[in-house]
Amino acid sequence: IPFGAPGDVADVKIDRKKHSFCEGHIVNLVKPSEIRTEPMCEHFGVCGGCKFQHIPYNYQLQFKQQQVTDALERIGKIELPKINDILGSAETTHYRNKLEFTFSNKSWLTFEQLNSGEEFSDRDAVGFHIPGAFDKVLNINKCWLQDDISNEMRNFIRDYAKSKGYTFYDIRNNVGLMRMMMVRITSGGEIMLVVVFGENDEAAVKDVMNAVAEKFPQITSLMHVVNTKLNDSLGDQVFVLDKGKEYIEEEMEGLKFRIGPKSFYQTNSRQAYELYKVTRGMAKLTGDELVYDLYTGTGTIANFVARQAKKVIGIEYVPEAIEDAKLNSKVNGIENTLFYAGDMKDILTDEFVAVHGRAEEAARNKNYREQFDLCLSRAVANISTLSEYCLPFVKVGGAFISYKSSNIDEELDQGKKGIYLLGGKVSDVHKFSLPDSDLQRSFVVIQKEKKTPKAYPRKAGMPSKDPLH
């Protein structure tokens, strides 16, 4: 029941009836619940952006937690351990870092307006789509979800466009100059404003953007887009920079994250930090792990946990977001991340995991264990550790060849026992000089004489921490 509260006594009209539940709406609130509170927003109950302003936040958390528990336990029949309490947001207003507002020449009229008897010849509006009415937009005077500068910019652009006679978008006929606007604000106060136009009227576009730039000099990144398509998606559109930088920056634990107009970022920046801390804590990273950040966006989680992991791989469908992720690693001096753009099903294959995974894990996969005639390595560790990494991949009768320095004798003597334990035997050592230098190197050839015991390789990190001797 939308906009109901636990404890309400109300007359309800049933709109949808199923065998296990019903949906309806309140037609008469007989006795309000004692927990009800007065919504702060003048548009509450109409725009659909907020659902629970009539319920205090502490009660919202309780009810939402119960909803999740019911979905998993009562409906899903899943046995769960103790569920942690929801980690509530410190801010309940002005917390969103991104909002999109739609321009429309068909504003939604409220019941009060319809019953007033007044004629509304001016139906131009800027605000949010009405739920269930794709072509109707509720004109928003003040929204509490974002910093008030967002309201100031939206209302200024609306009033300025109307004063100049610029047309508002007609979604049914795909005409109209003023189409949409996107506002992003970081926790540090940087502002990105993107104005989307539905017609390529260069003079009008320039006029609007100049007016905005003059009125709001504090904007960090001011851009516009001309979108004449039938849909509002901007992923394939060209963003034109009118003033400032092409990005804004969010900061988290000293890390800076560059956010462009196409970038995905958690909409509540401060709560995102709390989420990432919980995620990192639950992962219990020791520094030896390979971490996959799937649907990585701009690589915020990947870069956030990179200092506690050995390597982090991020995969994301949007190429521009991946470029941002790579740039975020570079800006923060992070060198143990790799990012790939593309469809998850095409990238995250068994072959991909084998190439990027740890040798200790790949060698336990039957598709790779003792399947190769030859395995090569360079001098990244001592010969005993390298043998534990590589010999499990080699067939009996095959060979493992390691590229080492010329001072290999003592290292080989210490590692012979471990090599034998892994099923290998040193068959040859080729020492040589590198061309045009006095540097000495060697190739150590280890033959695989018997299968490697199932206990090897040991779990990730152990071969390097405690080499076999």
Contact check, side chains of Val225 and Met223, non-hydrogen atoms, under 4.5 Å: no
Within-4.5 Å side-chain heavy-atom neighbours: Ile446 and Phe400: yes
Flag, side chain of Gln60 to backbone of Ile55, donor-acceptor distance under 3.5 Å: yes
Give a yes or no on whether Tyr292 atom OH has more than 12 heavy-atom contacts from other residues, nucleotides or ligands under 6.0 Å away. yes
Under 3.5 Å donor-acceptor, Lys404 side chain and Ser442 backbone: no
Between Ser233 and Asn231, does a side chain to side chain donor-acceptor pair (under 3.5 Å) hold up when you go through it step by step? CA-CA 6 Å; Ser233 64; Asn231 63 67; 2.5 Å; yes
Report, as yes or no, whether the 6.0 Å neighbourhood of atom CD on Glu251 holds more than 12 heavy atoms from other residues, nucleotides or ligands. yes
From the list Tyr273, Tyr276, Tyr265, side chain to side chain donor-acceptor pair (under 3.5 Å) partner of Thr300 resolves to Tyr276
May I ask you to check whether over 12 heavy atoms, not counting those of Lys142, lie within 6.0 Å of atom NZ? yes
Determine the minimum heavy-atom distance between Met153 and Met181, stating which atoms define it. C-CE, 4.3 Å
Would you mind checking if Asp242 and Lys206 are paired as a salt bridge, meaning a charged N to carboxylate O distance below 4.0 Å? no
When the ring planes of His54 and Phe44 are compared, do they come out parallel, tilted or perpendicular, using 30° and 60° as the limits? tilted
Take atom NZ of Lys277 as the centre, draw a 6.0 Å sphere, and report whether it contains more than 12 heavy atoms from other residues, nucleotides or ligands. yes
Does the Ser402 side chain pair with the main chain of Val444, one donor and one acceptor, at a distance under 3.5 Å? no
Side-chain touch Met178/Phe197, heavy atoms, less than 4.5 angstrom: yes
So does Leu87 get a backbone contact from the side chain of Gln271, meaning a donor-acceptor N/O pair under 3.5 Å? yes
Atom of Ser384, atom of Leu422 and distance for their closest heavy-atom approach: O-CD1, 4.5 Å
Quick check on Gln67: does its CD atom have over 12 non-hydrogen neighbours (other residues, nucleotides or ligands) under 6.0 Å away? no
Donor-acceptor contact below 3.5 Å, side chain Asp288 vs main chain Lys310: no
More than 12 heavy atoms of other residues, nucleotides or ligands under 6.0 Å from NZ of Lys64: is that the case? yes
For the side chain of Glu449 and the backbone of Lys425, is there at least one donor-acceptor N/O pair under 3.5 Å apart? no
Phe216/Phe156 aromatic ring centres below 6.0 Å: yes
Hey, is the main chain of Arg458 close enough, under 3.5 Å, to the side chain of Glu360 for a donor-acceptor pair? no
Are the aromatic rings of Phe352 and Tyr340 close, with centres under 6.0 Å apart? yes
Could you tell me whether a side-chain N or O of Glu388 sits under 3.5 Å from a main-chain N or O of Pro467, the two making a donor and an acceptor? no
Using 4.0 Å as the upper bound for N to carboxylate O, is an ion pair formed by Lys395 and Glu370? no
Against Arg179, only a single residue in Thr102, Thr228, Asp232 fulfils side chain to side chain donor-acceptor pair (under 3.5 Å); can you say which? Asp232
Closest heavy-atom pair, His469 versus Lys417, reported as atoms and distance to 0.1 Å, is O-CD, 3.4 Å
Work out which heavy atom in Ser263 is nearest to a heavy atom in Thr298; give both atom names and the distance. CB-CG2, 3.2 Å
Ser329 and Thr337: CA distance, side-chain angles, deciding distance, side chain to side chain donor-acceptor pair (under 3.5 Å) verdict: CA-CA 7 Å; Ser329 285; Thr337 56; 2.7 Å; yes
Using every non-hydrogen atom in the two residues, find where Ala309 and Leu285 come nearest and quote the distance to one decimal. CB-CD1, 4.3 Å
Do Phe432 and Phe443 have ring centres separated by under 6.0 Å? yes
Shortest non-hydrogen contact from Glu320 to Lys262? OE2-NZ, 3.4 Å
Would one find more than 12 heavy atoms of other residues, nucleotides or ligands at under 6.0 Å from atom NZ of Lys245? yes
Neighbour count above 12 (heavy atom, 6.0 Å) for Tyr59 OH: no
Can you check whether Arg96's main-chain N or O pairs, donor with acceptor, with Asn268's side chain at less than 3.5 Å? no
